[in-house]
Structure formats: C-alpha cells, structure tokens
Amino acid sequence: MADFSGPLPGAEPDSAALIAARPHLTMDAEKGLMLEGVALAEIAADLGSPVWVYGADTIRTRLAALRAALTKAGLGGTDIHYAVKANDHLAILAVLAAAGAGADVVSGGELARARHAGIPAAHIVYSGVGKSFRDLTLAVSEGIGQVNVESREELAMLSAVAVAAGRQVDLVLRVNPDVDAKTHAKITTGLAENKFGIAWAEVESVYAYAGSLPGLNPVGLAMHIGSQIVSTEPFDTAFARMAGMVARLRAAGHTISRLDCGGGIGISYEAGTGVSLDDYAGVMAKHLGGLGLHLMMEPGRWLVGPAGVLLSSVIIAKKTGNRDFVVLDAAMNDLVRPAMYDAWHGIVPVAAAVAAGPQAPVDIVGPVCETGDTFAKDRLMPALGPDALVAILDAGAYGAVMSSTYNARPFAAAALVDGDRWTTITPRQQVTELWSRETVPAWLTETAGETG
Ligand SMILES: Cc1ncc(COP(=O)(O)O)c(C=O)c1O
Ligand SMILES: N[C@@H](CCCC[NH3+])C(=O)O
C-alpha cells in the first residue's frame with residue numbers, strides 16, 4: 001500500500017526527482033514546468049486556476065508501451081478496453097479511440113460518452129455490479145460487444161433484455177477469485193467479502209445457468225481484483241486461479257474463448273513503486289498464454305493517471321502556532337483522492353526559480369471547510385508565496401471525474417496538450433451555472449397577502 005501512505009514526511013523526492021521520473025515533464029529554466037512541449041504557466045495564465053492539464057501524446061505513448069510489453073510476452077492479440085471511469089473526458093476518449101483502444105464502461109452514461117467519442121459499440125465492454133434494466137437495454141440495442149455479468153439475477157435480466165431486442169448477447173461472467181490485491185481497502189474488489197463478481201464456488205453452476213437462458217451467448221470469464229496494484233504477486237495468484245477455472249469449465253463441456261483480465265495496474269505516484277509492464281505481461285503469459293483464449297484488459301489509471309496534472313495557485317501562506325500552511329485554490333472538491341484514500345501525490349512548483357529555493361515542511365491544503373481538505377502534510381517544499389503556481393502530479397486518473405461543486409466551487413477548467421500545442425477542452429464553470437438547473441417553488445416567494 002506504499003502509494004497510499006507515501007514516503008515518510010520529510011523524505012519525499014524533491015521536485016527535480018519527481019520531474020526526472022516522468023518523461024513527459026521537464027523543467028525549463030525560463031518557461032518553468034513543461035508538460036510535453038507546453039509551458040504550464042502559459043495555460044494557467046490563460047485559463048486561470050485550478051485547471052486540469054492532460055498530455056495526449058503521453059497517453060498514446062503509454063498505450064503503445066502497454067501493447068509493446070504484451071507483444072513481447074507473446075500476447076500481442078490482447079484487446080485493450082480503456083476503463084472510462086478513470087477519466088471520461090471526450091477528448092481523452094478521442095485520443096484513445098484514435099489509437100485503437102476500445103472502452104470498458106460502468107453505466108449508461110459512460111456508454112453514451114464512449115459512443116459519442118466515436119468508439120464503436122462492438123469495442124465496448126459493459127461491466128459493473130448494478131446495471132439497470134434501462135442501461136442494459138440501451139447497451140444491447142446499440143450492439144455492445146460484451147457484457148460482463150456479475151450475478152445470476154443479472155443473467156435473468158440480461159436474457160429478458162436480449163429476447164425483447166431480438167438479439168444474441170455475448171457475455172462473460174465476472175468472477176471473484178478471492179485474492180487480496182494488497183491495495184487500499186476502498187478500491188479492493190476481488191475479495192470474497194467485496195460486492196463484485198460471482199463467488200468462486202458458484203462459478204460453474206452460474207455458467208451452466210447462463211448457457212440455459214435464451215438470448216445469451218456465454219463466451220468466457222472476467223476478473224478485476226482492485227486498483228493501484230503495485231506488485232505482480234496478486235495478479236500471479238489471480239491469473240493462476242483463472243486458468244484453473246477455465247480448465248474446469250472446459251472439462252465440464254463449456255466453451256471458454258475469452259478472458260478479460262481487468263485493470264488495476266498501479267502507477268508510481270512516488271518513485272520506485274508501481275508494476276513493471278514486462279513483469280505484468282510475463283505473469284499474464286505464464287498463466288494465460290497458450291490456452292487458446294482471446295485475452296482482454298481494462299486498464300484505466302495506468303493509461304491516463306501520469307498524463308494529467310492539476311495546476312493550482314497559492315491563495316495564502318499562513319503560519320499558525322508552529323505550523324506552516326499553504327492554502328491552494330484547488331481543493332478536495334477538485335481532487336478528492338488525498339481526502340478519500342489518504343493518497344499521496346507529488347506536488348511541484350511550476351516556476352524554476354521557486355522550485356530551486358530552500359525547502360521546509362508545510363501542510364498543503366485547500367480552502368474547503370473540511371480538515372480532510374489536505375493535499376499533503378509536512379511536505380518538504382520551497383517557499384510558496386501568494387500566486388505561486390504548483391502542479392499536483394499524476395492527477396489524470398480519478399481526478400476530474402470525481403470532482404464535485406462542494407462549497408459552491410465551480411468545476412475547474414481543463415486543457416489538452418498535444419506535443420507543442422494545447423487547447424481548452426473544458427471552460428471553467430461559471431458560478432451562475434451552479435444553480436442553473438435549480439428551481440425555487442413559487443409559493444416560497446409569494447407574499448403572505450397573495451397566499452391568504
Ligand atoms: C471492472 C473494472 N475494470 C477496470 C477498472 C479500472 O481499474 P484501473 O484504473 O485500476 O486500471 C476498474 C476500477 O477499479 C474496474 O472496477
Ligand atoms: N477512485 C479510486 C479508484 C477506483 C477504481 C475503480 N473501481 C482512486 O482514485 O484510486
């Protein structure tokens with residue numbers, strides 16, 4: 001769980017080390033921190049802060065690296081379905097769609113986004129523990145490529161939907177291999193106690209049941225044991241179990257042609273953690289290669305997490321008692337991961353001169369009225385005065401998608417960098433938009449005389 005506890009206070013890598021570990025980031029003596037070929041200060045000067053900035057080329061490079069590792073391990077035919085939940089911005093989906101990725105969606109809304117971004121329905125997988133009848137109907141009528149079914153009850157629902165639509169639906173069963181992903185408890189999904197998937201002991205009977213229902217075409221299995229997994233060991237255990245289950249089901253006469261390995265590959269929020277792609281692909285090949293399976297994956301965080309930063313400006317630096325606080329204009333409503341999971345994110349000053357200054361420990365917080373609105377405690381940072389711009393790193397996954405407008409804070413703007421060009425992909429929300437869908441009942445504003 002290293003990425004959730006972070007390095008010991010005071011022992012964090014400094015800005016230079018954090019930047020050096022990320023090939024898409026560089027520090028230019030004049031222009032400051034650059035993402036790909038664009039100065040982040042230029043984007044903030046134009047759009048204000050807080051603002052999300054994503055690197056399109058970084059995402060493409062990461063997808064290519066994943067494909068290369070799979071190919072090297074002899075798994076070149078593996079289909080990659082990007083997990084839309086990690087970052088559902090249409091521009092991000094368009095980058096991935098153009099690079100040939102399919103999509104893994106968890107709701108009718110994500111399905112609509114993926115389709116709107118140009119991802120063909122046949123390249124979309126629908127997984128999720130609670131798919132509504134309405135969303136399943138939408139998915140089936142659009143010709144979804146595969147449904148990852150999580151229960152006997154859902155099989156019955158999907159069968160009814162398929163029959164009503166006059167379609168034959170390809171499905172795999174998402175099974176729960178009961179493997180500890182050794183990640184944060186709130187994002188562990190493959191333990192028997194978790195809500196996800198079909199209990200291991202019931203897989204064979206549920207598979208047989210799936211085959212007995214009209215409109216359904218069971219073609220294999222899916223698993224997903226958790227997110228931000230930073231060692232290959234949980235994958236090793238889970239893939240071995242999955243291979244065993246494939247053999248058992250085949251021995252019982254079932255056709256198992258597809259296996260969806262899920263997502264979960266962790267990234268290096270701090271230096272020296274995260275899974276090597278070669279190691280991951282090697283473990284996959286060891287257990288699942290050579291079984292005649294069409295392999296699939298649903299990575300989210302690994303593809304887009306490092307490709308995004310959240311730029312924020314210092315509102316005020318205050319000293320109270322013996323503590324130093326830097327209050328940013330970004331907050332937990334923008335990036336909730338530190339508040340929700342105690343997640344550690346690198347934070348680096350954008351200006352080279354600021355980054356080079358002498359360091360001292362500070363608490364970096366947001367202005368929201370919650371103590372949990374803290375990005376970092378006792379973080380070694382150079383002096384950050386009012387208006388200093390910082391970049392919160394690795395904010396491309398589970399960042400903007402989890403934002404809220406708590407404390408009536410409008411949604412931040414977003415920009416996409418692509419090499420040395422950039423453009424706005426979401427303007428900052430206007431304050432008036434916060435209540436634009438709200439109505440005050442007329443009787444509340446009528447005078448006492450009018451109401452009698
Ligand atoms: C079913 C499923 N697939 C894919 C993902 C994406 O996971 P990650 O972003 O860790 O790759 C998730 C999220 O945990 C998930 O629940
Ligand atoms: N939101 C989580 C990841 C959830 C993965 C989806 N099941 C995070 O920020 O780490």
Side-chain angles (χ1 to χ4, degrees), residues 1-6 59 62-63 66 79-88 92 96 101-107 110 114 124-131 146-150 154 172-177 179 181-191 194-198 221-231 234-235 238 259-269 273-275 277 280 284 296-308 310 332 334-345 375 392-404:
M1 287 223 306
D3 280 325
F4 286 93
S5 49
I59 295 171
R62 294 184 73 81
L63 177 61
L66 179 55
D79 268 335
I80 297 176
H81 292 89
Y82 165 63
V84 172
K85 71 198 84 176
N87 186 328
D88 65 10
I92 302 298
L96 286 157
D104 158 51
V105 302
V106 72
S107 67
E110 284 192 355
I124 300 178
V125 166
Y126 187 3
S127 47
V129 71
K131 310 176 192 77
Q146 172 179 304
V147 181
N148 295 7
V149 175
E150 300 219 9
E154 191 188 335
V172 300
L173 290 190
R174 175 172 175 183
V175 301
N176 185 326
V179 172
K182 298 200 170 70
T183 184
H184 193 283
K186 286 187 179 161
I187 57 172
T188 292
T189 56
L191 284 174
N194 300 141
K195 67 181 175 180
F196 299 99
I198 292 162
L221 301 175
M223 59 155 259
H224 174 82
I225 55 172
S227 193
Q228 185 53 15
I229 300 172
V230 291
S231 93
F235 291 117
L259 199 139
D260 185 340
C261 301
I265 308 175
I267 60 172
S268 305
Y269 286 97
T273 60
V275 171
L277 285 184
Y280 172 85
M284 203 168 145
M296 306 163 85
M297 287 180 67
E298 308 166 352
R301 186 192 316 264
W302 199 90
L303 291 174
V304 298
L310 175 60
M332 63 185 285
D334 302 301
L335 178 65
V336 76
R337 300 193 69 255
M340 196 159 173
Y341 315 109
D342 291 321
W344 191 94
H345 281 259
F375 289 117
I392 304 178
L393 305 182
D394 307 316
Y398 306 110
V401 277
M402 295 177 77
S403 292
S404 74

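Numbering of residues begins at 1 and proceeds along the displayed sequence. Counting convention: from 1, in listed order, for ligands and their atoms alike.
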Ligand 2 N/O within reach of Arg301 N/O, cut-off under 3.5 Å: yes
Just jot down the salt bridge (Lys or Arg N to Asp or Glu O under 4.0 Å) partners of Arg62, sequence neighbours excluded, or say none. none
Are any of the N or O atoms of Asp104 closer than 3.5 Å to those of ligand 1? yes
Looking at Glu110 and Lys85, is there a salt bridge between them, counting it only when a charged N and a carboxylate O are closer than 4.0 Å? no
With respect to His224, determine whether any N or O atom, backbone or side chain, lies less than 3.5 Å from an N or O atom of ligand 2. no
For Lys85, counting its heavy atoms only, list the atoms of ligand 2 lying under 4.0 Å from any of them. 6 (C)
How many angstroms lie between atom NZ of Lys195 and atom OG1 of Thr189, to the nearest 0.5 angstrom? 10.0 Å
Any donor-acceptor pair under 3.5 Å from His345 side chain to Leu393 backbone: yes
Do Lys85 and ligand 1 have an N or O pair less than 3.5 Å apart? yes
Check ligand 1 against Tyr398 and write out every atom of the ligand that is under 4.0 Å from a heavy-atom position of the residue. 6 (C), 7 (O), 8 (P), 9 (O), 13 (C)
Can an N or O of Gly264 be found at a distance shorter than 3.5 Å from an N or O of ligand 1? yes
Side chains of His81 and Gln146 in contact at under 4.5 Å (non-hydrogen atoms): no
Using a plain distance cutoff, I'd like to know if Ala83 has any nitrogen or oxygen under 3.5 Å from a nitrogen or oxygen of ligand 1. no
